[in-house]
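The next block holds one structure in the form of structure tokens; read it before the comments.
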Number of protein chains: 2
Amino acid sequence: MSHTLGVRQAQKLQTRQALLDAGLRLLENQSLSSLGLREVTRAVGVAPAGFYRHFRDIADLGVALVGESLGSLHAMIQAILDEQDDAAEVINRSVDVIARHVREHRAHIRFIARERHGGVKPVREAIAAELGQFADEVGAALGAQPLSEGWSAADLRMLSELYVDRMLMTATAFMEAPAEDPEAEARIAGTARRQLYLMHLGRQHWLGG
Amino acid sequence: MSHTLGVRQAQKLQTRQALLDAGLRLLENQSLSSLGLREVTRAVGVAPAGFYRHFRDIADLGVALVGESLGSLHAMIQAILDEQDDAAEVINRSVDVIARHVREHRAHIRFIARERHGGVKPVREAIAAELGQFADEVGAALGAQPLSEGWSAADLRMLSELYVDRMLMTATAFMEAPAEDPEAEARIAGTARRQLYLMHLGRQHWLGG
DNA sequence: TCATCCAGTAAACAACTGTTCGCCGAGTCT
DNA sequence: AGACTCGGCGAACAGTTGTTTACTGGATGA
């Protein structure tokens, strides 16, 4: 299993990754449905026909980008969920983690925000599927907390979706702020913390408490 | 002032509206940044050059669509805000109003959801500006309610944005459900009501109540 | 070592794009 | 009635697009 890839296959993967990287970079100022195949290959320095060795079409490349973009986010969420601490502390830490993630993966967040409701169906579906899985995992983690005693499955699910949505909206807000602007970042972080705290209060009093 | 438009200007407005309508329809399966000028004129039955009599470019048409799309939504929100009733009742009515609005303006909601973070900067900015104004008005309405006594301006603002975001996400969820599917609609409505109610609970207990 | 594989190539294809130009002819104003 | 305005037209422009084709040459495996 730990068999080093052949030179052949390694080079192929490298070109594939170059195509993905170039695509992501080109998507900074447009959306996937207007991204051209030639545009991507030109940016990489590869002949147009070479594209087909890696992807069926641009939508296919988009779906691959979904995996890449949501992969790191997934790990991030899990890390947040595993924390157990005072609620306010968890909120503070979560917002910081999100801010940091956006700083390091701005293009990925932009891609997800832009294509979540974008014009390319397979990509929309891939994003929806992965976000749904996020909600599953968040639901499982929340369900294990004492605060969730007596909650129905449907209620837990709506709470999970609320959290996942909020997290993505917060990340998007950070992403849209001008890069390297600590003041804007702080403002967004403050709003995000308050919103999460309000949701937490609602959660505490859900069962007529 | 109530001077009927001249035949000339009336016909021009009619063509302009036809271009907007065709654009909106074509955006069902793509995003604005891939919408072609010729594509739009072809759909209307107008020569390509005629497009420039009405819009500078496709981004300009997009900005016009923002006004059209958010115009009706604006009236809808005001209607919701003016209601004064039991909280649960306001929530029920609001969700119904949103569902109804989406049924009647599906393409408009799709456009806003798709282009809010889309690839065309002027359009993103126009949407952000109008949504910001929505938040202002929601903030003013909420601030006038007894429940908001003692709230700081910043807290009111974060609550308004939370509500506006949620409303848009709910509308988007309705929009993405298969048309004429009462079961899916009911499920989304149920989730939306619960989420709004949880936010309402958080609001009630915001000041350490 | 030698036949096989296959990632990447160059060239050609028809179809399409946004934009500019001068022109027409119906609506407008005096 | 006559001069003027201006929305829409048709043609032409140089570029660009996605896709197919037959090919080359280095890695691969017997």
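Labels below follow one simple rule: chain letters A, B, ... track the order of the sequence lines, proteins then strands, and each chain is numbered from 1.
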| task | Starting from P on C:dT20, measure out to CG on B:Asp57 and report it in whole angstrom. | result | 11 Å
| field | B:Ala47 vs A:Ile58, nearer the 5' end of DNA chain D by closest nucleotide | value | B:Ala47
| field | Min side-chain heavy-atom separation A:Met199-A:Arg203 under 4.5 Å | value | no
| note | In short, A:Leu168 meets A:Leu131 closest at the heavy-atom pair CD2-CD1, 3.9 Å
| task | Using atom CZ of A:Phe51 as one end and atom P of C:dT9 as the other, report the distance to the nearest whole Å. | result | 14 Å
| task | Rounded to the nearest 0.5 Å, what's the gap from CD1 on B:Ile98 to CG on B:Leu196? Could you check? | result | 7.0 Å
| remark: Protein-proximity profile, nucleotides 24-30 of chain C, B/S/- by nucleotide at the 4.0 Å heavy-atom cutoff, equals --BBS--
| said: Tell me if the CD atom of A:Gln133 is crowded by more than 12 foreign heavy atoms within 6.0 Å. | reply: no
| note | Encoded 5' to 3' (Watson-Crick or G-U under 3.5 Å; [ ] crossing; | other strand), DNA chain D becomes ||||||||||||.||||.||||||||||||
| said: Suppose the criterion is side chain to side chain donor-acceptor pair (under 3.5 Å): which pairs have a residue in residues 19-33 of chain B, not counting sequence neighbours? | reply: A:Ser31-B:Ser31, A:Ser31-B:Ser33, A:Ser33-B:Ser31, A:Ser34-B:Ser33, B:Gln17-B:Asp21, B:Gln30-B:Ser34, B:Gln30-B:Glu39
| request: Name the first nucleotide and the last nucleotide along DNA chain D (5' to 3') that come under 4.0 Å of a heavy atom in chain A. | output: D:dT17 to D:dT28
| Which part of the nucleic acid does B:Tyr52 contact within heavy-atom distance under 4.0 Å: base, sugar-phosphate only, or nothing? | base
| task | Would you mind reading off the distance between B:Asp60 atom CG and C:dG18 atom C1', rounded to a whole angstrom? | result | 15 Å
| said: Under the ring pair (Phe, Tyr, Trp, His ring centres under 6.0 Å) definition, can you give me all pairs with a residue in residues 20-63 of chain A, not counting sequence neighbours? | reply: A:Phe51-A:Phe55
| said: For A:Arg93, is there an ion pair with A:Glu83 - N to carboxylate O distance below 4.0 angstrom? | reply: yes
| task | Using only heavy-atom distances, determine whether the side chains of A:Glu137 and A:His74 contain a donor-acceptor pair under 3.5 Å. | result | yes
| request: Could you state the atom-to-atom distance from CZ of B:Arg53 to P of C:dT19 in whole Å? | output: 15 Å
Might you list the N or O atoms of the protein lying below 3.5 Å from N or O atoms in nucleotides 14-17 of chain C, with each pair's distance?
unit_1: C:dT17; atom_1: OP1; unit_2: B:Arg42; atom_2: NH2; d: 3.1
unit_1: C:dT17; atom_1: OP2; unit_2: B:Arg42; atom_2: NH2; d: 2.8

| said: If you define the side chain from C-beta out and look only at heavy atoms, does anything of B:Met158 sit under 4.5 Å from A:Leu198? | reply: yes
| said: Just so I know, are the side chains of B:Leu65 and B:Glu68 near enough to count as touching, which here means a heavy-atom distance under 4.5 Å? | reply: yes
| task | Specify the residue among B:Leu35 and A:Ala49 whose closest nucleotide of DNA chain C lies further upstream toward the 5′ end. | result | A:Ala49
| query | Side chains of A:Glu176 and B:His117: donor-acceptor distance under 3.5 Å anywhere? | reply | yes
| query | Any chance CD of A:Glu104 has more than 12 other-residue heavy atoms, nucleotides or ligands included, within less than 6.0 Å? | reply | yes
| message | What I want to find out is whether B:Glu161 reaches B:Arg157 closely enough, with some N-O distance under 4.0 Å, to be called a salt bridge. | response | yes
